[in-house]
Amino acid sequence: MEKRITGSTGLLGLIGSPVSHSGSPAMYNYSFRELGLDYAYLAFDVPIEEVKHAIQAIKTFHMRGCNVTMPCKTEVVQYMDELSPAAEIIGAVNTIVNEDGKLVGHITDGTGFVDNLKDHGTQVKGKKITIAGGGGAATAVQVQCALDGAGAISIFNRKDAFWGRTLETADKIKAACPACEVAVYDIEDAEKMKEEMAESDIFVNATIVGMKPMENETVVKDSSAFHKDLVVCDVVYNPIETRLLREAKEKGCKCIGGQGMLLWQGVAAFKLYTGMDMPVEGVKKILFGE
Ligand code: NAD
């Protein structure tokens, strides 16, 4: 590393809190080294109150860009000079690119989800997709699937603090992608969920259900709703195989976990920063030991 860092090495980073568990520094620094790019990537623990100063620092230090994680993804939006179409609809940013002093905010979580599906041989174009969730990850997935040509999206969420946002997202998708049919239902209505799943090609859990410490729970209460033509996806990556995926696999469904979404959102951000493709196979080895 000491041979690689010079007086002209460019800086990229991650802001949010906590960040010490993040796989991003390993993923990006490996890729810079492999591709001979003169950049270094560090993680900075930045609480929400410090976001304004962190954004100023991107400009002051002439950083090429910065990834943003929780809890700062919506907070940074107000400081962007420009937003990508998805970031505009979602109202959140996970990738800031510094274009000669102009900060452009992107969100690559949804792209990461769609590209992970592609990596597993599943396309979203023209498909009917049932998605559980109305929070940050769910919104990104819903908007990107619609932008990438999904035919219909049925959203299920609890009538909790996220319900209003879920309805708003549906309205925004209808306005931006009129060809995509969007409907929102109460997640407690298991019968309706079963009905929507029966007509769907893809089912996605984008809630926190199934994530530790809720690893014994699942959003699909009636496992007879799984059918063999349904691709079942979870954005949860801790544990790697959730109860949802385990039960869907037992019913013969193709299953896709959340780890790949993490990888592919980074691949998309890397392309925005460098214009180059991340060496994905090597990065998979680092992140997943594959
Ligand atoms: P969030 O807090 O923004 O949203 C939480 C969602 O869970 C809401 O829809 C809420 O209504 C729902 N929910 C909470 N408790 C519930 C319950 N008991 N029953 C049903 N629904 C319930 O969270 P988020 O940032 O969207 O994260 C959701 C999951 O996605 C987390 O597990 C997170 O780790 C994961 N995630 C994965 C990736 C990835 O790259 N794979 C990226 C972002 C988030």
Side-chain angles (χ1 to χ4, degrees), residues 14 16-19 21-24 27 48 67-75 86-87 90-95 106-117 119-120 130-145 153-170 184-190 192-193 203-222 232-245 255-270 278 283-284 287-288:
L14 169 69
S17 187
V19 290
H21 65 288
S22 171
S24 294
M27 175 159 113
I48 210 156
N67 287 118
V68 185
T69 188
M70 297 310 285
C72 305
K73 285 180 173 183
T74 48
E75 183 70 13
I90 294 163
V93 160
N94 80 332
T95 303
H106 301 260
I107 183 133
T108 65
D109 289 334
T111 321
F113 174 80
V114 171
D115 288 349
N116 185 37
L117 260 59
D119 193 37
H120 287 83
T130 294
I131 304 174
T139 307
V141 168
Q142 289 150 7
V143 168
Q144 197 61 47
C145 286
I153 299 179
S154 295
I155 304 171
F156 286 83
N157 206 69
R158 288 204 308 185
K159 290 200 165 168
D160 61 6
F162 292 92
W163 181 251
R165 178 180 174 170
T166 312
L167 296 173
E168 274 172 31
T169 303
V184 178
Y185 306 102
D186 185 351
I187 204 165
E188 300 301 328
D189 190 347
K192 187 69 195 165
M193 187 188 272
F203 177 83
V204 186
N205 172 48
T207 71
I208 56 168
V209 178
M211 178 175 81
K212 283 183 181 167
M214 297 170 84
E215 69 266 34
N216 294 323
E217 296 183 37
T218 170
V219 288
V220 178
K221 303 296 176 211
D222 179 356
V232 178
C233 314
D234 212 322
V235 304
V236 173
Y237 54 86
N238 183 20
I240 292 168
E241 187 179 62
T242 56
R243 177 175 160 193
L244 171 81
L245 297 185
C255 292
I256 304 174
Q259 262 194 328
M261 176 175 165
L262 271 183
L263 162 71
W264 288 99
Q265 61 79 24
V267 173
F270 190 84
M278 191 179 258
V283 173
K284 277 184 183 172
L287 290 184
F288 317 138

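Start at 1 and go down the list; that is how both ligands and their atoms are numbered. The structure presented is a predicted model; accordingly, all values stated were derived computationally and were not measured.
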In terms of residue, atom name and distance, what is the protein heavy atom nearest to atom 32 (O) of ligand 1? Met211 SD, 2.9 Å
Starting from atom 42 (C) of ligand 1, find the nearest protein heavy-atom neighbour and note its residue, name and distance. Met261 CE, 3.8 Å
How far apart are the closest heavy atoms of Tyr185 and Trp163, and which atoms are they? O-CZ3, 3.6 Å
Checking Lys159 now: which residues fulfil salt bridge (charged side-chain N to carboxylate O under 4.0 Å, His left out) with it, not counting sequence neighbours? none
Any non-hydrogen side-chain atom of Val184 less than 4.5 Å from a side-chain atom of Asn157? no
Leu262, any N or O under 3.5 Å of ligand 1 N or O: yes
Part of Asp109 with heavy atoms under 4.0 Å of ligand 1, whether side chain, backbone, both or neither: neither
Is any side-chain heavy atom of Val219 closer than 4.5 Å to a side-chain heavy atom of Phe203? yes
List the closest protein heavy-atom neighbour of atom 6 (C) of ligand 1: residue, atom name, distance to the nearest 0.1 Å. Thr207 CA, 3.9 Å
Can you list the ligand 1 atoms lying under 4.0 Å from a non-hydrogen atom of Gly135? 3 (O), 4 (O), 8 (C), 9 (O), 26 (O)
Atoms of ligand 1 under 4.0 Å from any heavy atom of Asp160, numbered from 1 in the order shown, are 10 (C), 11 (O)
Should Gly112 be listed as contacting ligand 1, given a heavy-atom distance under 4.0 Å as the test? no
Answer whether the closest heavy-atom distance between the side chains of Asn67 and Thr69 falls below 4.5 Å. no
Residue pair Gln144 / Phe113, side-chain heavy-atom distance below 4.5 Å: no
Among all the protein's non-hydrogen atoms, which is closest to atom 22 (C) of ligand 1, and how far away is it? Arg158 NE, 3.8 Å
Short N or O distance, Val209 and ligand 1, threshold 3.5 Å exclusive: no
Should you measure from each heavy atom of Gly133, which atoms of ligand 1 turn up under 4.0 Å away? 9 (O)
Nearest neighbour in protein (non-hydrogen) for atom 26 (O) of ligand 1: Ala137 N, 2.7 Å
Please find the pair of heavy atoms, one from Cys233 and one from Leu117, that lie closest to each other, and give the distance. SG-CD1, 3.9 Å
Within ligand 1, which atoms have a heavy atom of Gly134 less than 4.0 Å away? 9 (O)
Out of all atoms in ligand 1, which are within 4.0 Å of some heavy atom of Asn157? Include the element for each. 8 (C), 9 (O), 11 (O)
Give the C-alpha distance, both sets of side-chain angles, the deciding distance and a yes or no for side chain to side chain contact (heavy atoms under 4.5 Å, CB included) between Val235 and Val141. CA-CA 9 Å; Val235 304; Val141 168; 4.2 Å; yes
Can you tell if the side chain of Leu244 reaches within under 4.5 Å of the side chain of Val220, non-hydrogen atoms only? yes
Which of the atoms of ligand 1 are close to Gly136, meaning less than 4.0 Å from one of its heavy atoms? 3 (O), 26 (O)
Give a yes/no on ligand 1: does Val236 have at least one heavy atom closer than 4.0 angstrom to it? yes
Is Lys73 close to Asp109 at the side-chain level, that is, under 4.5 Å between some pair of heavy atoms? yes
How far is atom 23 (O) of ligand 1 from the closest protein heavy atom, and which atom is that? Ile208 CG2, 4.0 Å
Considering only protein heavy atoms, which is closest to atom 1 (P) of ligand 1, and at what distance to one decimal place? Phe162 CZ, 3.8 Å
Region of Met214 engaging ligand 1 - heavy atom pairs below 4.0 Å: side chain
Mind checking whether Leu263 and Asn116 have side chains closer than 4.5 Å, heavy atoms only? no
To the nearest 0.5 Å, what is the distance between CE (Met193) and CG (Asp186)? 9.5 Å
Take every heavy atom of Gln259, measure it against each atom of ligand 1, and state whether any distance is under 4.0 Å. no
Close side-chain approach of Met214 and Thr207, heavy atoms under 4.5 Å: no
Starting from atom 30 (O) of ligand 1, what is the nearest protein heavy atom, named by residue and atom, and what distance separates them? Val235 CG2, 3.1 Å
